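Below is one structure, written out as structure tokens, with a few remarks after it.
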Amino acid sequence: MVIAPRGTKDLLPGEVEKWQFIEWVARDICETYGFKEIRTPIFEYTELFLRGIGDATDIVQKEMYTFDDRGGRSITLRPEGTAAVVRAYIEHHLDAQPQPVKLYCLGPMFRYDRPQAGRFRQFHQMDFETFGSHDPAVDAEIISCTWDYLTSLGLTGLHIELNSVGCPDCRPGFTTALKEYFRPRLDSLCGNCQVRLEQNPLRLLDCKVPQCRELGAGAPAITDHLCEACSAHFEKVQQYLRLLEIPFHLNPGLVRGLDYYTHTAFEVTVEGLGAQSSVAGGGRYNNLVEDCGGPPVPGIGAAIGLERVLLALEHQQIELPIPSAGLVFVATTEALSDPLEGAALTLLMELRRSGYAAEKDYAGRSLKAQMKQAGRLGARWCVIIGPEELDGHKVLLRDMSQGTQVSVPRQELLELLGRMQNGEAE
RNA sequence: GUGGGUGUAGCUCAGUUGGAUAGAGCACCAGGUUGUGGCCCUGGGGGUCGUGGGUUCGAGCCCCAUCAUCCACCCCA
């Protein structure tokens with residue numbers, strides 16, 4: 001038997017409603033913040049991610065779904081959203097529009113990781129990006145949007161970690177200082193960090209091995225090495241966040257896994273998610289557009305992991321306000337009798353064309369079984385038609401939650417339903 | 001890529017030191033009123049015990065391999 005590929009899953013009815021809801025809230029918040037939706041392809045030329053994400057990153061080195069298409073071009077399923085949005089921004093000359101340009105994007109991403117709690121090979125993110133502004137208020141806005149989304153769903157136990165990773169002017173000085181600090185202590189580092197020292201020294205600060213942590217505590221902090229511009233920008237971001245009453249913790253060790261970040265980097269974690277506790281993350285990327293072949297336009301963005309949002313909601317036992325359909329079930333006393341079947345079908349059609357969710361039995365079930373089915377489907381009303389009703393041009397309208405029913409003239413059914421819908425009838 | 005746990009009906013699991021037709025609850029189907037659901041009762045369908053080898057008189061139980069899945073490392077959403 002063929003099953004869904006590893007790290008992917010089917011979203012069945014019952015689960016999908018939750019997705020629809022959190023996606024609806026996501027769109028709503030984004031629109032409120034002035035972001036416009038953009039939809040980019042799910043696959044891109046591999047080169048885009050090599051240049052955009054950075055070929056030294058784990059994503060590029062071991063997590064991409066890459067293959068050659070029939071034309072021999074290397075294609076990659078998008079592992080994150082920003083690179084494609086940046087590409088579209090450049091390709092469609094959005095820099096010619098009034099800046100800033102604010103875009104959001106919702107959809108699946110793909111990474112060839114080993115699945116575990118909160119980690120999948122196909123997962124879903126909401127991304128939002130602002131192009132064309134250096135204003136630290138925009139940084140605060142991105143973080144604020146992330147925060148509003150997560151809290152508006154009712155999540156608690158959220159922590160924002162904030163850092164500045166500097167810019168090309170000041171970061172080299174810092175990494176040099178880091179290397180100088182760690183090099184004499186190389187033997188005390190874990191194997192991973194010994195490699196990191198040369199490849200990506202910033203990551204040393206993020207290591208979870210206790211020994212490395214101890215050493216890291218005495219290491220130089222990036223905040224002490226920021227250039228004047230970075231430092232001022234970082235101060236402003238914090239100032240605005242305080243103004244907006246958005247709680248955050250400074251974490252000089254926060255380094256994100258994508259190479260393109262400059263200045264602001266942040267991550268939101270939520271309690272109770274297991275090892276993969278981060279639900280959202282983002283930062284500024286002032287050189288990415290240019291690095292991808294576009295004009296020198298600054299940008300900043302964030303991504304929210306929707307699977308993790310749902311996991312957190314579930315863990316915190318938060319009930320989402322998902323509306324029920326108000327289904328009308330049409331039942332007949334003799335399922336296979338022709339006149340009844342016809343009456344049921346026309347009524348069903350009439351109900352649907354009037355905007356009611358309506359259903360009937362197609363399995364030739366007894367009335368009893370049809371009622372049971374109606375109950376299972378969560379029907380709010382059941383319309384019952386039998387020979388008596390047919391002769392008298394009437395139907396029985398049963399309120400499934402009350403267990404009461406009335407006989408009404410066939411012609412008045414829709415009107416009565418309409419009044420009951422509005423709570424005007426008893 | 002590395003490590004650990006788990007794999008018995010659609011779902012959640014039980015199955016004793018290996019022993020005779022593999023069980024329960026839920027779900028599903030049908031009855032318990034002659035035209036009626038949600039509770040209750042009765043009956044029914046459904047399993048090559050992940051797969052392939054091996055040990056044994058005999059394996060769901062033991063051994064090996066393999067696959068899947070979960071959790072963790074790593075990394076990130």
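Heavy atoms only: backbone and side chains are in, while hydrogens, waters and symmetry mates are out. A note on names: the letters A, B, ... follow the listed sequences, proteins ahead of strands, and every chain is numbered from 1. Everything quoted here is computed from the prediction, not taken from an experiment.
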* Would you please confirm or rule out a distance under 4.0 Å between OP1 or OP2 of B/rC73 and any side-chain N or O of A/Q116? =>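 True: A/Q116 side-chain N/O within range (under 4.0 Å) of B/rC73 OP1/OP2.
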* Report yes if a side-chain nitrogen or oxygen of A/Q276 is closer than 4.0 Å to either non-bridging phosphate oxygen (OP1 or OP2) of B/rA77; otherwise report no. => no
What contact category does [X] fall into here, base, sugar-phosphate, or nothing, at under 4.0 angstrom with non-hydrogen atoms?
{"X": "A/G118", "answer": "base"}
{"X": "A/Q405", "answer": "base"}
{"X": "A/L396", "answer": "base"}
{"X": "A/Q61", "answer": "nothing"}
{"X": "A/T57", "answer": "nothing"}
{"X": "A/F329", "answer": "nothing"}

Side-chain donor-acceptor pair present, [X], [Y], cut-off under 3.5 Å:
{"X": "A/H393", "Y": "A/Q411", "result": "no"}
{"X": "A/S144", "Y": "A/Y33", "result": "yes"}
{"X": "A/S401", "Y": "A/D399", "result": "yes"}
{"X": "A/Y285", "Y": "A/E129", "result": "yes"}
{"X": "A/T66", "Y": "A/T76", "result": "yes"}

Gap in Å between the two [atom1] atoms, one belonging to [N] and one to [M], rounded:
{"N": "B/rU17", "M": "B/rG3", "atom1": "C1'", "result": "32 Å"}
{"N": "B/rG54", "M": "B/rC61", "atom1": "P", "result": "14 Å"}
{"N": "B/rU8", "M": "B/rG4", "atom1": "C1'", "result": "23 Å"}
{"N": "B/rG46", "M": "B/rC29", "atom1": "C1'", "result": "11 Å"}
{"N": "B/rU48", "M": "B/rC70", "atom1": "C1'", "result": "26 Å"}
{"N": "B/rA59", "M": "B/rU16", "atom1": "P", "result": "16 Å"}
{"N": "B/rC26", "M": "B/rU66", "atom1": "P", "result": "41 Å"}
{"N": "B/rC41", "M": "B/rG35", "atom1": "P", "result": "26 Å"}

* Do A/F35 and A/E31 touch side chain to side chain, with heavy atoms closer than 4.5 Å? -> no
* Side-chain heavy-atom pair A/M371, A/M400 within 4.5 angstrom cut-off ->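 They are in side-chain contact.
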Given [options], identify the nucleotide with an atom nearest to the side chain of [X].
{"X": "A/E388", "options": "B/rU36, B/rG35, B/rA77", "result": "B/rG35"}
{"X": "A/R398", "options": "B/rA30, B/rG37, B/rG35", "result": "B/rG37"}
{"X": "A/K62", "options": "B/rC74, B/rG37, B/rG35", "result": "B/rC74"}
{"X": "A/D113", "options": "B/rG35, B/rA72, B/rA77", "result": "B/rA77"}

* Are the side chain of A/E17 and the backbone N or O of A/G14 linked by a donor-acceptor pair below 3.5 Å? -> yes
Could you check how far [atom1] of [X] sits from [atom2] of [N], rounded to whole Å?
{"X": "A/R365", "N": "B/rU36", "atom1": "CZ", "atom2": "P", "result": "16 Å"}
{"X": "A/D361", "N": "B/rG35", "atom1": "CG", "atom2": "C1'", "result": "15 Å"}
{"X": "A/M64", "N": "B/rA77", "atom1": "CE", "atom2": "P", "result": "15 Å"}
{"X": "A/D58", "N": "B/rU2", "atom1": "CG", "atom2": "P", "result": "16 Å"}
{"X": "A/M400", "N": "B/rC39", "atom1": "CE", "atom2": "P", "result": "12 Å"}
{"X": "A/M126", "N": "B/rA77", "atom1": "CE", "atom2": "C1'", "result": "12 Å"}
{"X": "A/L273", "N": "B/rC71", "atom1": "CG", "atom2": "C1'", "result": "14 Å"}
{"X": "A/E161", "N": "B/rA77", "atom1": "CD", "atom2": "C1'", "result": "15 Å"}

Complementary nucleotide for [N] - Watson-Crick or wobble, under 3.5 Å:
{"N": "B/rU21", "result": "none"}
{"N": "B/rA30", "result": "B/rU42"}
{"N": "B/rC61", "result": "none"}
{"N": "B/rG3", "result": "B/rC71"}

* **Residue A/E37 excluded, over 12 heavy atoms near CD under 6.0 Å** =>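 Yes.
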* Structure fact -> Numerically ordered, the residues 372-382 of chain A set in heavy-atom contact under 4.0 Å with RNA chain B is A/K372, A/R376
* Should the pair A/R78 and A/F110 be classed as cation-pi, given the thresholds of under 6.0 Å to the six-membered ring centre and 45° from the axis? ->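 The answer is no, since A/R78 fails at least one limit relative to A/F110.
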* Structure fact -> Sorted by position of nearest nucleotide on RNA chain B, 5' first, the leading residue of A/F120 and A/L367 is A/L367
* 5' priority, RNA chain B, between A/M371 and A/G281 [closest heavy atom] ->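 The residue mapped nearer the 5' terminus is A/M371.
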* With sequence neighbours left out, which residue pairs that include part of residues 268-289 of chain A fulfil the salt bridge (Lys or Arg N to Asp or Glu O under 4.0 Å) condition? -> A/D139-A/R284
* Note: A/E350-A/R410 ion pair, threshold 4.0 Å (strictly below) -> yes
Below 3.5 Å is the cut-off: list the nitrogen or oxygen pairs between protein and nucleotides 67-69 of chain B, distance only.
from   : atom 1 : to   : atom 2 : distance (Å)
B/rU69 : OP2    : A/R6 : NE     : 3.0

